[in-house]
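Owing to the predicted nature of the structure, the values given are computational and were not obtained by experimental measurement. Each chain gets a letter, A, B and so on, in the order the sequences are listed, and its residues count up from 1.
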2 protein chains.
Amino acid sequence: MENTELREALQSLKSTKVRMTPQRHAILEFLFDCEQHPTADEIYKALEDKFPNMSVATVYNNLRVFKDAGLVRELTYGDSSSRFDSNTSDHYHVICDDCGKIVDFHYPGLDEVETLAKHIAGFNVRDHRMEVYGTCPDCQKKLAN
Amino acid sequence: MENTELREALQSLKSTKVRMTPQRHAILEFLFDCEQHPTADEIYKALEDKFPNMSVATVYNNLRVFKDAGLVRELTYGDSSSRFDSNTSDHYHVICDDCGKIVDFHYPGLDEVETLAKHIAGFNVRDHRMEVYGTCPDCQKKLAN
DNA sequence: TTCTTATATAATAATGGTTATAAACAGTAT
DNA sequence: ATACTGTTTATAACCATTATTATATAAGAA
């Protein structure tokens with residue numbers, strides 16, 4: 001039930017001074033429904049049937065609101081635009097160099113790395129990010145031809 | 001002697017069809033000398049005394065050349081511009097959320113993560129990246145006031 | 001050295017993601 | 001109803017990066 005997570009997200013927004021609007025609801029819903037990690041523009045395009053007048057700025061603004069509220073993570077890559085991930089639980093990404101596909105995978109216990117970083121660099125550690133890069137199965141087949 | 005690494009880099013470029021130009025030499029030298037991870041613009045500005053006519057495009061073009069040759073890594077973050085790291089040996093970064101400072105730190109053996117990703121997602125794994133986020137000692141002091 | 005040619009540079013324009021601005025609008029409290 | 005605060009829309013601006021093109025130059029051949 002992904003709706004549970006969505007409900008929790010809506011609930012946690014209510015506790016702040018953030019107002020719930022139809023646009024916000026739709027953006028959040030889309031983020032929690034889709035299993036991918038869409039870009040702001042993909043979200044914008046996906047909702048243009050429902051909200052023909054919605055501005056791109058609204059998408060960006062609200063993604064920032066959600067990010068600040070800790071409901072959404074922003075993933076940034078070199079060339080293209082940011083992607084947004086509604087799954088803020090501990091997980092990592094495997095990314096295809098060729099087609100850009102992103103696959104989630106779970107791995108326990110990189111807390112040790114955080115601890116080490118804290119000791120070595122004296123940082124007050126908040127979070128970490130890890131990504132593995134390579135070629136996805138589909139692209140491996142394509143390249144084999 | 002960081003010059004050793006620079007010499008190796010120059011040598012490895014010579015083995016390809018990449019020509020050595022004064023601009024390229026200067027950019028490489030700057031990258032290997034400076035202990036930071038400069039942006040393209042910082043490199044551009046740092047070299048404008050030596051090369052008053054150098055174009056920004058030249059910096060970007062050559063950073064890409066070096067990246068393709070495996071001499072330099074591009075680090076991308078959310079808000080600002082890419083940073084470039086001449087140290088391609090296995091190391092990770094601790095980044096301050098507040099001031100953006102980047103500190104290198106070494107940590108062994110995340111090969112296991114690569115292996116797992118390979119098995120779980122069926123990827124042909126090439127590389128990985130990890131970063132720890134938090135507040136640096138200086139900013140901790142500042143915030144304590 | 002000089003010639004040749006593929007490659008590099010510089011200057012500039014274009015691209016594209018993201019953000020700022022200002023006016024119109026909506027929800028809530030007084 | 002009125003005032004207030006926050007939101008959306010539309011549009012313009014911003015800024016990092018890339019494309020374009022004419023000119024210059026590195027590196028090997030003659």
Inset, instruction - Please check the phosphate of dC15(D) (OP1 and OP2 only) for any side-chain N or O of Ser81(B) closer than 4.0 Å. - result: no
Legend entry - Short side-chain N/O contact to dT18(D) OP1/OP2 from Tyr60(B), under 4.0 Å: no
Inset, instruction - Could you tell me whether the side chain of Arg24(A) and the main chain of Arg19(A) form a donor-acceptor pair under 3.5 Å? - result: yes
Inset, instruction - For the pair Gln140(A) (side chain) and Gly122(B) (backbone), establish whether a donor and an acceptor sit closer than 3.5 Å, ignoring hydrogens and angles. - result: yes
Inset, instruction - Test Asp68(A) against Arg64(A) for salt bridge (charged side-chain N to carboxylate O under 4.0 Å, His left out), laying out the working first. - result: CA-CA 6 Å; Asp68(A) 290 348; Arg64(A) 180 160 38 178; 5.5 Å; no
Inset, instruction - Among Lys67(B), Glu74(B), His37(B), find the residue that satisfies the side chain to side chain donor-acceptor pair (under 3.5 Å) test when tested with Ser82(B). - result: Glu74(B)
Inset, instruction - For a side chain to side chain donor-acceptor pair (under 3.5 Å) with Asp85(B), tell me which candidate from Arg73(B), His91(B), Gln36(B) qualifies. - result: His91(B)
What pairs of nitrogen or oxygen atoms, one from the protein and one from nucleotides 8-12 of chain C, lie under 3.5 Å apart?
unit_1, atom_1, unit_2, atom_2, d
dA8(C), OP1, Arg24(B), NH1, 2.9
dA8(C), OP1, Arg24(B), NH2, 3.0
dT9(C), OP1, Thr21(B), OG1, 2.8
dT9(C), OP2, Asn62(B), OD1, 3.3
dT9(C), O3', Gln23(B), NE2, 3.0
dA10(C), OP1, Gln23(B), NE2, 3.3
dA10(C), OP2, Ser55(B), N, 3.1
dA10(C), OP2, Thr58(B), OG1, 2.8
dA10(C), O5', Asn53(B), O, 3.3
dA11(C), OP2, Asn53(B), O, 3.1
dA11(C), N7, Ser55(B), OG, 3.2

Take the protein atom [atom1] of [X] and the nucleotide atom [atom2] of [N], then report the distance between them rounded to whole Å.
| X | N | atom1 | atom2 | answer |
| --- | --- | --- | --- | --- |
| Asp41(A) | dT15(C) | CG | P | 17 Å |
| Tyr44(A) | dT19(C) | OH | P | 16 Å |
| Lys14(B) | dG28(D) | NZ | C1' | 14 Å |
| Asp68(B) | dT18(D) | CG | C1' | 14 Å |
| Leu47(A) | dT9(D) | CG | P | 11 Å |
| Ile43(B) | dT17(D) | CD1 | C1' | 14 Å |
| His25(B) | dT25(D) | NE2 | P | 19 Å |
| Phe84(A) | dG17(C) | CZ | P | 12 Å |

Legend entry - Chi angles and distances behind the salt bridge (charged side-chain N to carboxylate O under 4.0 Å, His left out) call for Asp138(B), Lys101(B): CA-CA 10 Å; Asp138(B) 288 349; Lys101(B) 186 191 301 166; 3.3 Å; yes
